[in-house]
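To start, the structure itself, in structure tokens.
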Protein chains: 4
Amino acid sequence: MITVVLISHTPDPERTIAAAARVSASPVGAVELLDKLTPDRVDKLIERLISSGHMSVFEHASFTFAIEGISRVTSHQLVRHRLASYTQQSQRYVSLRDFKYITPASVNARSELAGRYHEMVRAAHRLYLEMLDAGIPAEDARYVLPNAAETRLVMTMNARELIHACSLRLCLRAQWEIVELFEHIKAEVEKVAPRLAAELKPKCYRLGYCDETESCGVFPTRAELGERPGGST
Amino acid sequence: MITVVLISHTPDPERTIAAAARVSASPVGAVELLDKLTPDRVDKLIERLISSGHMSVFEHASFTFAIEGISRVTSHQLVRHRLASYTQQSQRYVSLRDFKYITPASVNARSELAGRYHEMVRAAHRLYLEMLDAGIPAEDARYVLPNAAETRLVMTMNARELIHACSLRLCLRAQWEIVELFEHIKAEVEKVAPRLAAELKPKCYRLGYCDETESCGVFPTRAELGERPGGST
Amino acid sequence: MITVVLISHTPDPERTIAAAARVSASPVGAVELLDKLTPDRVDKLIERLISSGHMSVFEHASFTFAIEGISRVTSHQLVRHRLASYTQQSQRYVSLRDFKYITPASVNARSELAGRYHEMVRAAHRLYLEMLDAGIPAEDARYVLPNAAETRLVMTMNARELIHACSLRLCLRAQWEIVELFEHIKAEVEKVAPRLAAELKPKCYRLGYCDETESCGVFPTRAELGERPGGST
Amino acid sequence: MITVVLISHTPDPERTIAAAARVSASPVGAVELLDKLTPDRVDKLIERLISSGHMSVFEHASFTFAIEGISRVTSHQLVRHRLASYTQQSQRYVSLRDFKYITPASVNARSELAGRYHEMVRAAHRLYLEMLDAGIPAEDARYVLPNAAETRLVMTMNARELIHACSLRLCLRAQWEIVELFEHIKAEVEKVAPRLAAELKPKCYRLGYCDETESCGVFPTRAELGERPGGST
């Protein structure tokens with residue numbers, strides 16, 4: 001089961017972003033700007049920054065999450081977002097005696113297959129333990145562990161990259177486990193920065209159409225729209 | 001005059017770094033680790049991370065500074081550190097009617113030259129104002145402004161990049177103005193993270209020698225040491 | 001006068017990108033894929049990658065440019081693109097005895113102002129030379145030099161970042177000098193990768209509308225369109 | 001079995017790096033510098049850049065590798081190097097009917113364990129195929145596949161990051177499979193850039209000591225040296 005806890009973040013993240021943005025076009029400095037910004041002004045500034053694509057100021061607020069209960073399938077996808085910082089539990093240095101793993105819903109829905117899945121995964125873990133006991137290093141024994149094996153990590157991501165990652169990973173064409181992970185991440189951000197969290201949404205909500213080959217149904221594809229916006233140069 | 005104000009930062013930055021580091025080799029999660037870490041344990045962990053070169057965990061703490069009173073010479077050098085976020089006051093959108101500029105000490109020490117320097121810089125600014133009044137856009141009028149012109153910006157940098165940038169910019173072979181800027185940055189970090197601030201130091205303190213062509217005298221160069229450590233493969 | 005020379009680049013950049021893209025969804029490897037790709041297939045793949053927003057594969061081709069004759073105004077803007085590599089001529093180590101500078105067309109169009117601009121810039125340079133001769137270090141004497149001073153640099157940028165940078169810098173709301181720089185860059189890419197160069201265009205051509213406050217006229221703003229696509233969540 | 005093929009690279013990488021480096025401190029431009037550089041001068045410049053830590057110019061040369069026959073253990077480690085570009089074969093879109101996997105030497109050395117390892121891995125793959133045939137999507141069926149499963153990818157890395165990654169991954173404390181991968185990478189670079197390849201070496205060769213907790217024996221640790229260089233501030 002995925003758990004995500006926001007363990008640290010830039011205090012007052014939306015006001016920090018708004019104050020930084022004002023510095024660009026203002027004759028006064030950031031300290032003064034920070035003092036003067038009302039919550040309402042902050043909201044309006046964030047709305048304007050988003051709609052004009054001025055995303056770099058969103059880098060001034062960052063968020064650190066403790067993430068647990070995701071599979072190695074998902075951690076491998078997650079760390080492909082390079083503009084973020086990760087510290088992951090090592091399968092080299094930590095022996096996974098207390099083994100947990102993820103089962104896809106599509107497998108669980110098929111009781112006969114599910115039974116064999118659970119059996120196989122547990123058998124792999126038993127062999128892992130035997131190899132450890134026989135003196136095989138954990139870093140080698142883990143080759144037999146399945147992709148399903150749970151991992152945990154700490155991730156720090158700034159608001160700009162959160163907006164970008166959510167645009168890809170909240171898309172229903174992404175894999176269900178990473179969608180679920182980013183829903184948890186969004187829920188955590190919502191507690192401390194609701195205006196910002198409103199911008200954590202799939203790319204189609206921003207584009208007005210689906211750019212995948214096949215749409216999930218929320219927005220039509222460009223082919224279905226009959227034209228590509230701005231397609232001709 | 002340079003002023004640097006730390007306007008925001010990851011709360012409890014050293015403990016956040018230490019907890020993230022523990023996740024890598026621990027069977028328990030970050031939330032539990034955060035709770036258990038005593039200040040003394042945090043210090044020891046940071047010492048060990050530095051000495052073994054495990055720098056990536058230092059990315060989990062970031063710092064946002066309001067920087068004012070630096071020249072465009074120095075802002076141009078500063079933004080070359082790409083692993084950080086900057087929002088700078090625009091000379092395109094802000095008309096610099098209230099003009100401030102930097103004068104190098106080497107110029108100020110020579111009264112005749114200094115007089116002509118001040119005169120020249122002010123004459124350039126007067127022409128800038130006249131061009132504005134004649135309808136030249138600020139973005140074009142600024143071509144006449146000197147490198148000495150003051151600028152301000154907001155910078156967010158994580159602790160790993162702060163350590164790296166200070167290793168280069170606190171070196172006395174760097175230009176005096178950026179050395180002074182990073183001394184201010186270090187002083188600000190010191191107020192909230194003294195253990196971390198102790199790692200903000202020139203590269204020679206870490207290397208044990210000077211890798212510049214000529215040493216400032218604090219450490220000998222490798223040529224002076226008579227050998228290059230590990231030089232032969 | 002701006003000159004841009006493509007001094008090096010990934011050979012056969014479009015085919016390299018296409019082959020890398022195919023690896024993702026193919027059971028065969030990159031070497032075999034490279035061999036099989038016809039020019040026509042490469043073009044179709046690039047079209048599909050762009051329209052579906054699969055931009056990461058464009059990072060496999062990179063381009064190295066020698067850039068000369070731009071002002072420090074523009075080099076300061078340019079190096080803000082952090083996902084690229086720059087080596088710039090140093091005003092610390094190179095004494096600018098042979099001085100060149102940029103004059104904005106808006107200034108040149110006003111003969112009286114232009115005369116005073118040229119005079120001021122040259123006077124600043126004369127004082128610079130006198131300071132050098134009086135023993136002031138070049139790194140300090142340069143504080144008197146104007147933003148207009150020419151600089152040169154080597155820049156390496158991959159195709160993904162070229163597409164992104166051009167989307168911002170070929171926009172007519174960007175400053176004329178950096179627009180001109182990226183037109184030169186695009187012309188150089190065109191010689192070796194015409195299909196890719198066709199993707200180097202302002203963001204409005206991709207969005208189908210202008211996201212600036214005021215449009216240059218090529219595309220209407222969203223306000224003018226009467227609606228924001230996908231605006232409501 | 002790991003295979004690494006250098007499918008593309010900046011032509012004449014060492015001369016490109018050297019010419020870019022010269023731009024920084026030279027009054028002439030990159031095109032002229034490129035013409036004048038003799039092979040001997042290139043070698044001397046690279047030597048000097050390395051010894052003085054001026055690493056940024058090494059970013060101007062990049063290398064694209066087709067990598068096959070590594071486990072998902074190793075690809076997960078590899079993509080943690082964020083300053084590089086990766087396109088990996090997808091386990092979501094490619095059904096792994098032709099299954100290959102890696103077996104650690106430590107397991108192969110123990111015939112009884114090895115037999116059970118091979119059996120387990122193959123049984124996992126058989127269940128994977130049955131799940132596919134029963135209509136489970138490949139992206140879900142893969143949860144049962146082991147870490148040992150082979151993957152392939154295309155990686156582009158510039159020379160600066162190659163030097164950094166090799167300093168960590170050619171260290172004998174890194175896991176054997178990624179050490180082997182980087183030995184292949186180094187061998188490929190050697191064919192086209194031997195001077196550069198000489199800089200692809202474990203960090204201890206550069207430091208003159210081992211900064212791991214326990215040394216492999218090539219260099220003593222700092223504790224064994226009896227002192228930490230530059231340790232006191």
Side-chain angles (χ1 to χ4, degrees), chain C residues 3 5-13 15-17 19-35 54 56-69 83-90 92-98 151-160, chain D residues 3 5-13 15-17 19-35 54 56-69 83-90 92-98 151-160:
Chain C
T3 63
V5 179
L6 179 63
I7 57 174
S8 193
H9 63 90
T10 305
D12 221 342
R15 217 156 61 97
T16 305
I17 290 166
R22 289 286 323 273
V23 163
S24 165
S26 164
V28 300
V31 175
E32 197 176 333
L33 288 166
L34 261 175
D35 281 350
H54 290 155
S56 68
V57 288
F58 288 90
E59 299 174 21
H60 293 297
S62 69
F63 297 83
T64 301
F65 305 92
I67 296 171
E68 306 198 7
L83 300 176
S85 305
Y86 306 92
T87 307
Q88 186 168 3
Q89 188 185 50
S90 170
R92 296 186 71 196
Y93 301 122
V94 181
S95 301
L96 300 172
R97 295 201 168 267
D98 177 26
T151 186
R152 54 168 54 118
L153 48 82
V154 171
M155 172 180 90
T156 297
M157 201 178 255
N158 67 39
R160 182 187 195 169
Chain D
T3 63
V5 179
L6 179 62
I7 56 173
S8 194
H9 63 90
T10 305
D12 221 342
R15 216 157 61 97
T16 305
I17 291 166
R22 289 286 323 274
V23 164
S24 165
S26 164
V28 300
V31 175
E32 197 177 332
L33 289 166
L34 263 175
D35 281 351
H54 290 154
S56 67
V57 289
F58 289 90
E59 298 174 22
H60 293 297
S62 69
F63 297 83
T64 302
F65 305 92
I67 296 171
E68 305 197 8
L83 300 176
S85 305
Y86 306 93
T87 307
Q88 186 168 3
Q89 188 185 51
S90 170
R92 295 187 72 196
Y93 301 122
V94 181
S95 300
L96 300 171
R97 295 202 168 266
D98 177 27
T151 186
R152 55 166 54 118
L153 49 82
V154 172
M155 172 179 91
T156 298
M157 201 178 256
N158 67 39
R160 182 186 195 170

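In what follows, chains are A, B, ... by sequence order, proteins preceding strands, each numbered from 1.
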Top contributor to chain C contacts, counting heavy-atom pairs under 4.5 Å, from [options]:
options: D/Ala61, D/Ala84, D/Ser85; answer: D/Ser85
options: D/Ala21, D/Pro27, D/Pro13; answer: D/Pro27
options: D/Ala25, D/Ala30, D/Gly29, D/Ala19; answer: D/Gly29

Can you tell which part of [X] gets under 4.5 Å to a heavy atom of chain C, answering side chain, backbone, both or neither?
X: D/Val5; result: side chain
X: D/Thr3; result: neither
X: D/Glu68; result: side chain

Between the CZ atom in D/Phe63 and the NE2 atom in C/His60, the distance rounded to the nearest 0.5 Å is 15.5 Å
Could you give the distance from OG (C/Ser62) to CD (D/Glu59), rounded to the nearest 0.5 Å?
11.0 Å
The interface call for C/Ser90 against chain D, heavy-atom contacts under 4.5 Å, is both
So, applying side-chain contact (heavy atoms from CB on, under 4.5 Å) with D/Ser24, which one of C/Val94, C/Val154, C/Thr87, C/Leu153 is it?
C/Thr87
Pick from C/Ser56, C/Ser26, C/Ser95, C/Ala66: which one has the most heavy-atom pairs with chain D under 4.5 Å?
C/Ser26
